Amino acid sequence: MAKRIKAMRGTHDVLPEQASRWRAIEDEFAKICRQYGYREIRTPIFEATELFERGTGFSTDVVQKEMYTFEDKKGRRVSLRPEATPSVIRAYLEHSLAKQGKVLKLFYLGPMFRYDRPGAGRYRQFHQLGIEIIGTPSAVADAEAIVLLWEFLRGIGLSGLKMRVNSLGCEKCRVEYSRLIREFLKERLERLCDDCHERFERNPLRVLDCKQEMCKAVVAEAPEIGSILCEACQEHLAEVENLVSQANVDYYIDSRLVRGLDYYTRTVFEVFHVSSGVDNSLGGGGRYDRLVEDLGGPQTPAVGFSAGMERIAQALEADGVDVKGESRLDVFIAPMGKQAFPTAFKLALDLRQALSVWLEFDDRKIDRQLRSASRLGARFAAIIGSEEISKGIVKMKDMISGEQFEVPQSEALKWLKHRLKEDSLE
RNA sequence: GUGGGUGUAGCUCAAUGGUAGAGCACUGGACUGUGGAUCCAGUUGCUGGGGGUUCGAGUCCCCUCACCCACCCCA
């Protein structure tokens, strides 16, 4: 046998059983998004590298070391998207979507790519779903994003969720806080880990997020962002808190929450699942009032979030929640003998107008066929042999009670629909 | 990127350096037109890949690949 090829490192197949759960989750997400007034957008999986350099941020880990970047045949610098927000904003500007109204509310879902070392719940091709609210500075929008994320996760059956919320301040606050932190850390550099020395140079705020004990000790004494937020930023955060607590979101203010992407301003948040580990972030987001401008548009405030499918599926499994997948088969058509196939084929064509139907392909003994029908979870088996053909009927077997009924072939669809309807009423 | 662990049938796992196995699953038969039970039979593997030591390697050594755990980072 020839050598087999395996899926590449960090990628994985979503097999039927899992895929049906994914679809149920995606359907729930699309549904709640529509309830909140969002419309779907689909953007390309690859973009000009520069979009992410300017959007996600040149200094971020994502852009610095995790992008799949290559040159195409014309020498253009291309990257597989590591996240969707820059693409959505690019499309927003490219198609002048601002003209569609003051505020645009979009949702998306699809694969993202990061060349990272695979680990627990971490893949090189992973899948995100998320939203963007473009065109308002209102704290109500921040609250809506947080609540939508929360309600979505709660709605699919997750419990033990916690939401961390923080404010990184507006541009002025950020500059001021960065200066303050840099000053503070400068005197304590020798007490920080090696990575943090580097962070100190590139983006001192990231030191606040370090998990090393030595750094945590230093950071514990650091001034909190809350202490220097300007009045407007304080008010904004208070308003978000007030609204979010009305929605019964289990949140807390975590003054050390700093997210990995450069474009956030003011509100940032992250939701995690307690029982699958403190570090298991299911999703997060925040306000990004500068991004549209950075990508060449007019000054336009916006807020959004993204969440990870793999993480969500994992959390559901940890919670023992069985997301209902696709419904079972309605009918299994069992032809008996070669000469029964044309009639069976015709019957399948007819029934498939409204029902999910499995038609046996091979000339197998009836007991084997019924066994297959059981295993496929068929509600009824439609048996067609020479007897049935000569009488113009089909023998319907109720796979739960075992009862059998002779039904004229022309009535089969009507009969089955009637019986299945009775099922759903019980 | 750093450290540790694990790779044997579709799945879960056995096999003191001596002929690769079991359970489940799958297919068929018992039952030539009636499923889920039972019994019987059968299929499935370059033991992740490559090299080395040895009379002999799933087992020991080296390399490599993949996955898992921790760190890092995040979704």
Side-chain angles (χ1 to χ4, degrees), chain A residues 1-12 15 17 56 60-66 81-85 109-130 149 153 193-196 198-199 203 206 209-213 215 257-261 270-273 276-285 305-315 332 334-337 340 360 362-389 395-404:
Chain A
M1 270 207 292
K3 191 181 162 216
R4 299 217 191 155
I5 297 164
K6 291 183 186 159
M8 292 199 68
R9 180 169 166 84
T11 70
H12 62 109
L15 301 178
E17 202 179 329
T56 307
T60 57
D61 280 353
V62 170
V63 169
Q64 282 298 310
K65 39 187 198 194
E66 295 176 4
R81 62 181 186 193
E83 59 145 346
T85 303
L109 51 93
M112 309 293 160
F113 305 85
R114 291 184 199 173
Y115 193 90
D116 205 1
R117 180 159 184 175
R122 211 159 92 208
Y123 302 91
R124 289 184 173 173
Q125 175 176 336
F126 60 102
H127 300 77
Q128 286 190 326
L129 24 85
L149 176 57
L153 294 174
C193 70
D194 290 349
D195 283 344
C196 282
E198 211 178 303
R199 293 191 181 107
N203 189 352
R206 305 245 36 156
D209 227 12
C210 187
K211 308 284 191 300
Q212 299 283 337
E213 286 307 321
C215 301
L257 174 61
V258 182
R259 298 200 29 96
L261 311 178
E270 191 167 311
V271 64
F272 58 95
H273 186 239
S276 34
V278 186
D279 287 339
N280 190 8
S281 159
L282 299 184
F305 72 71
S306 69
M309 271 301 296
E310 285 84 356
R311 297 276 175 90
I312 291 169
Q314 193 178 301
F332 181 104
M336 296 180 60
E360 172 66 40
D362 302 300
D363 186 9
R364 293 201 300 159
K365 288 165 72 167
I366 187 63
D367 60 333
R368 296 296 154 184
Q369 294 200 55
L370 288 172
R371 186 197 276 189
S372 294
S374 287
R375 288 179 185 168
L376 289 166
R379 182 67 185 78
F380 288 93
I383 300 166
I384 298 179
S386 49
E387 254 177 59
E388 287 76 15
I389 291 173
K395 206 165 270 171
M396 294 293 184
K397 184 180 177 91
D398 183 322
M399 295 299 285
I400 294 172
S401 70
E403 290 174 282
Q404 286 194 159

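Every chain is numbered from 1 and lettered A, B, ... according to where its sequence line falls, protein lines coming before strand lines. The model shown is predicted, which means the values in this text are computed figures rather than measured ones.
- For B/rG28, one of the phosphate oxygens OP1 or OP2 lies less than 4.0 angstrom from a side-chain nitrogen or oxygen of A/R364.
- Ranking B/rC67, B/rG28, B/rG35 by closeness to the A/L370 side chain, first place goes to B/rG35.
- Contact annotation for A/E310: no contact, since no heavy-atom pair falls under 4.0 Å across all strands.
- Within the shown strands, B/rA70 is the pairing partner of B/rU2 under the Watson-Crick or G-U definition, both distances less than 3.5 Å.
- Between A/R114 and B/rC74, a side-chain N or O to OP1/OP2 separation shorter than 4.0 Å is absent.
- With sequence neighbours excluded, no residue forms a ring-ring contact (aromatic ring centres under 6.0 Å, His included) with A/F305.
- Regarding A/R371, its CZ atom lies at a distance of 11 Å from the C1' atom of B/rU38, rounded to whole Å.
- Looking only at atom types and distance, the side chain of A/T56 has a donor-acceptor partner in the side chain of A/E83 under 3.5 Å away.
- Scanning atom types as modelled, no donor and acceptor separated by under 3.5 angstrom connect the side chain of A/R117 and the base of B/rC74.
- Nucleotide B/rU59: unpaired (no Watson-Crick or G-U wobble partner with both distances less than 3.5 Å).
- When both distances must be under 3.5 Å, the Watson-Crick or G-U wobble mate of B/rU34 does not exist.
- Between B/rA25 and A/R375, no contact under 4.0 Å exists linking OP1 or OP2 to a side-chain N or O.
- Separation of the C1' atoms belonging to B/rG50 and B/rA57 is 15 Å when rounded to the nearest angstrom.
- Of the side-chain N and O atoms in A/K365, one or more sit less than 4.0 angstrom from OP1 or OP2 of B/rG29.
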